[in-house]
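Taking it in order: structure first as structure tokens, then the write-up.
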Amino acid sequence: MVNALRKVKFVTRNLILSFETSCDETSVAVIENGDKILSNIVATQIKSHQRFGGVVPEVASRHHIEQITGCINDALRKADVDYADLDAVAVTYGPGLVGALLIGVTAAKAVAWAHHLPLIPVNHLAGHIYGARLVAPIEFPAMALVVSGGHTELVYMPKENQFEIIGETRDDAAGEAYDKIGRVLGINYPAGKQVDSMAHKGTDTFHFPRAMDNDETFDFSFSGLKSAFINTVHHADQIHETLDKNDLAASFQQAVIDVLADKTVRALKTYPVKQLILAGGVAANRGLRDRLESEINAFPNTKLALVPLSLCGDNAAMIGAAGEMLYRYQTFTDATLNADPGLEFAWLGEAES
Amino acid sequence: MKILAIDTSNRPLSVAVMDDDNLLADTTLTTHRKHAEFLMPVIEDLVKKSDLQPADLDRIVVASGPGSYTGIRMATTAAKTLASTLNIELVTVSSLLTVALNIDLPDVLINPIFDARNQNMFTGLYQRNAGKLQAVVADQHTNIAEWRAVLAKTSGPIMVVGDNQPFLADLKATLGNRLLVASHLQAIPDAAKLGWYGAQLSPVEDIDAVVPRYLRLTKAEADWKKRHPNEDTRNYVEKL
Ligand SMILES: [Zn+2]
């Protein structure tokens with residue numbers, strides 16, 4: 001009787017418990033109707049991995065298992081919901097670190113089975129993109145530039161639940177390049193935020209190469225830029241010359257932003273969209289946000305959707321936002337779900353019709 | 001008391017559903033090391049075939065290590081999440097002890113061994129006392145040379161169970177006639193015995209705090225600790 005009343009009362013309310021453990025944040029969230037955050041618990045391991053100058057996968061897995069049930073309980077408590085209120089469980093199953101992903105996948109499967117809830121497998125990058133939903137509805141067709149420590153991709157979305165890669169990095173991810181040059185500047189991982197703020201105090205005096213900027217594809221490459229940066233610093237060291245760190249940061253950042261912005265602009269010209277979404281950890285970069293805000297003026301029919309700073313990093317709220325979309329498409333999996341560390345969207349033209 | 005017992009510490013996967021000390025259903029697989037794919041489906045299947053619902057379970061017993069890091073994390077994550085989400089009891093048992101349960105001899109020392117490669121091993125020494133297994137030497141990560149020194153100080157027969165192959169010549173040299181070697185079938189963990197044993201133990205007080213028994217720091221952490229011997233390593237993870 002109580003259950004029947006509850007069903008009537010909340011008939012329009014969809015609640016998803018979502019999990020994200022693909023890298024170095026253990027996160028569990030409760031999302032209402034795909035776009036409202038009831039809770040978003042994030043336990044970050046950054047301090048731990050800073051000891052090693054980067055994420056150590058085995059250490060990451062160990063921290064995830066320490067945190068996972070505490071995060072689930074916190075997420076439910078903060079959202080003020082019980083298992084009986086939930087409609088589904090969603091979980092990141094790739095891409096990411098396999099041992100880290102497996103903690104979230106195993107926990108999500110256990111919760112789904114224990115409470116007879118459907119299990120939704122979510123691509124981490126779809127999560128980053130759908131994080132934009134938590135601010136305003138996504139309008140299709142849409143384009144997403146996903147930039148993080150692990151990814152640099154341009155994803156075209158002709159309609160909801162359709163993701164087609166049109167370009168990606170051929171070597172380092174943009175965020176990875178930030179961390180590597182950050183190390184040379186004496187900045188601990190993750191270096192993005194500090195390089196960004198140093199860049200604002202310096203000027204582009206070194207004119208590092210803009211790899212593949214004029215190339216036909218929408219692909220990126222950052223390893224040449226990283227090498228040019230490191231060579232410049234090493235050469236100066238050898239001749240005992242001191243370079244201005246802010247200028248180095250500004251020159252590096254300008255090269256990254258130029259390539260990201262130029263490719264994105266070309267993508268928007270080739271595939272006109274209603275919305276451009278900037279997502280991923282590097283989407284928090286002030287320089288990149290400013291640049292895209294100004295570039296978008298040339299596209300009066302395209303709105304720029306910036307994922308808020310608090311949701312740029314990895315979090316389960318975005319997984320719940322993508323999970324609710326998949327829930328509507330009844331994209332469910334079963335208890336055999338495994339982690340897929342190399343999971344990718346299909347390339348444009350390769351997608352199943 | 002309805003018990004779900006789980007061991008995925010090494011290559012074998014073993015799951016059992018018990019009602020007190022009665023076995024309702026069990027499965028042991030040694031063909032694949034696909035614990036991520038197989039563990040939850042096997043649990044689902046066995047609970048269903050026992051005519052139970054998840055909510056009917058009263059206690060989870062898990063072999064929480066030592067063993068393969070991924071393997072012990074699979075079982076421990078499933079076990080602690082199930083216990084937490086179903087609000088039921090959780091008992092953790094040594095994975096070495098779980099294998100030692102296969103040896104039902106009163107007057108021998110039982111020496112379970114898991115190969116940790118490069119002459120290293122996870123091992124411990126157990127003895128049956130009035131039917132109960134007691135640790136004589138605590139579980140540890142060690143190497144064969146050091147373990148030989150430990151064994152040399154014991155007396156009486158010792159039955160080795162587990163990955164004896166890489167260490168057999170050394171063990172023979174140390175123990176001579178005292179060495180007994182269990183059959184390979186006795187080296188396979190049996191979740192029914194694990195469940196039976198775990199039924200007698202007290203449950204953990206803080207499920208959230210349960211972690212696998214790695215018995216070894218990661219290399220990165222060990223190196224770091226050498227360079228920072230006095231640093232407090234407890235509070236590295238922060239909730240935002
Ligand atoms: Zn990410």
Side-chain angles (χ1 to χ4, degrees), chain A residues 17 21 24-27 40-54 56-74 76 83 98-99 101-116 119 310 313 315 334-339, chain B residues 8 34-45 47-48 53-55 57 60 64 69-88 90 206-212 214 216-221 223-225 227-228 231 233-240:
Chain A
L17 180 72
T21 64
D24 58 351
E25 336 274 355
T26 313
S27 183
N40 184 28
I41 308 298
V42 182
T44 180
Q45 311 172 1
I46 284 182
K47 244 172 111 179
S48 179
H49 298 290
Q50 279 178 335
R51 291 179 290 171
F52 318 118
V56 177
E58 174 61 24
V59 175
S61 301
R62 290 187 180 198
H63 285 315
H64 284 306
I65 196 169
E66 290 163 16
Q67 298 295 323
I68 191 71
T69 53
C71 286
I72 298 170
N73 292 331
D74 286 357
L76 292 169
Y83 289 108
V98 63
L101 287 164
L102 278 175
I103 304 301
V105 167
T106 303
K109 290 199 289 191
V111 170
W113 173 70
H115 303 287
H116 307 284
L119 179 65
S310 60
N315 65 85
D334 62 20
T336 60
L337 179 68
N338 201 345
Chain B
T8 62
K34 290 188 178 172
H35 302 329
E37 276 173 55
F38 290 177
L39 177 58
M40 282 312 298
V42 167
I43 292 173
E44 282 192 23
D45 183 50
V47 170
K48 194 173 171 191
Q53 292 290 325
L57 296 171
I60 313 282
S64 63
Y69 292 160
T70 305
I72 59 183
R73 266 198 294 273
M74 283 293 87
T76 307
T77 304
K80 80 183 272 191
T81 308
L82 285 173
S84 171
T85 200
L86 291 166
N87 197 17
I88 59 175
L90 175 64
D206 184 358
I207 290 171
D208 292 347
V210 167
V211 292
Y214 300 105
R216 188 163 56 156
L217 282 178
T218 62
K219 192 180 177 310
E221 285 171 302
D223 291 348
W224 188 86
K225 220 171 176 172
R227 283 179 278 117
H228 306 81
E231 188 116 347
T233 60
R234 280 169 302 175
N235 298 311
Y236 279 122
V237 181
E238 299 170 309
K239 289 225 171 99
L240 295 180

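Small disclaimer: the values here were computed from a predicted structure and weren't measured. Chain letters run A, B, ... following the sequence lines, proteins first, then strands; residues in each count from 1.
Highest contact tally toward chain A, considering only B:K219, B:R227, B:K80, is held by B:K80 [criterion: heavy-atom pairs under 4.5 Å]. With respect to chain A, the highest number of heavy-atom pairs below 4.5 Å among B:L86, B:D208, B:L82 belongs to B:D208. Of the residues considered (A:H64, A:E66, A:R62), A:R62 shows the highest number of contacts with chain B, using heavy-atom pairs under 4.5 Å. Most heavy-atom pairs under 4.5 Å with chain B, from the set A:H116, A:Q45, A:E58: that is A:E58.
B:K48 and B:E44 are not joined by a salt bridge, as no carboxylate oxygen comes within less than 4.0 angstrom of a charged side-chain nitrogen. Under the 4.0 Å criterion applied to side-chain N and carboxylate O atoms, B:E221 and B:R216 are not assigned as salt-bridge partners. Between A:K109 and A:D334 there is no salt bridge, since no side-chain nitrogen of the basic residue lies less than 4.0 Å from a carboxylate oxygen of the acidic one.
Contact of B:L57 with chain A is made through the side chain alone, with heavy-atom distances under 4.5 Å. Looking at B:A36, the atoms closer than 4.5 Å to chain A (heavy atoms on both sides) sit in the backbone and in the side chain alike. At a 4.5 Å heavy-atom cutoff, B:E231 makes no contact with chain A through either its backbone or its side chain. In this structure, chain B has a heavy atom under 4.5 Å from the side chain of A:N73, while its backbone stays farther away. When heavy atoms are compared at a cutoff of 4.5 Å, A:H49 does not approach chain B at all. Residue B:D223 does not touch chain A at all, counting heavy-atom pairs closer than 4.5 Å. Both the backbone and the side chain of B:T218 come within contact range of chain A, each with at least one heavy atom under 4.5 Å from a heavy atom of that chain. With a 4.5 angstrom heavy-atom cutoff, A:I41 touches chain B only via side-chain atoms. Proximity to chain A is limited to the backbone of B:V210, based on heavy atoms less than 4.5 angstrom apart.
No hydrogens or angles considered: nothing links the side chains of B:E37 and A:T336 as a donor-acceptor pair under 3.5 Å.
Remark: A:D24 CG to A:S61 OG distance equals 11.5 Å, nearest 0.5 Å.
Remark: B:N87 CG is loosely packed, at most 12 non-hydrogen atoms of other residues, nucleotides or ligands lying under 6.0 Å away.
Side-chain N or O atoms of B:T85 include none that pairs as donor or acceptor with a backbone N or O of B:T81 at under 3.5 Å. Using a distance-only test at 3.5 Å, with no hydrogens or angles considered, a donor-acceptor pair links the side chain of B:H228 to the main chain of B:W224.
Because its NZ or CZ atom is not both nearer than 6.0 Å to the ring centre of B:Y214 and within 45° of the ring axis, B:R73 does not count as a cation-pi partner of that residue.
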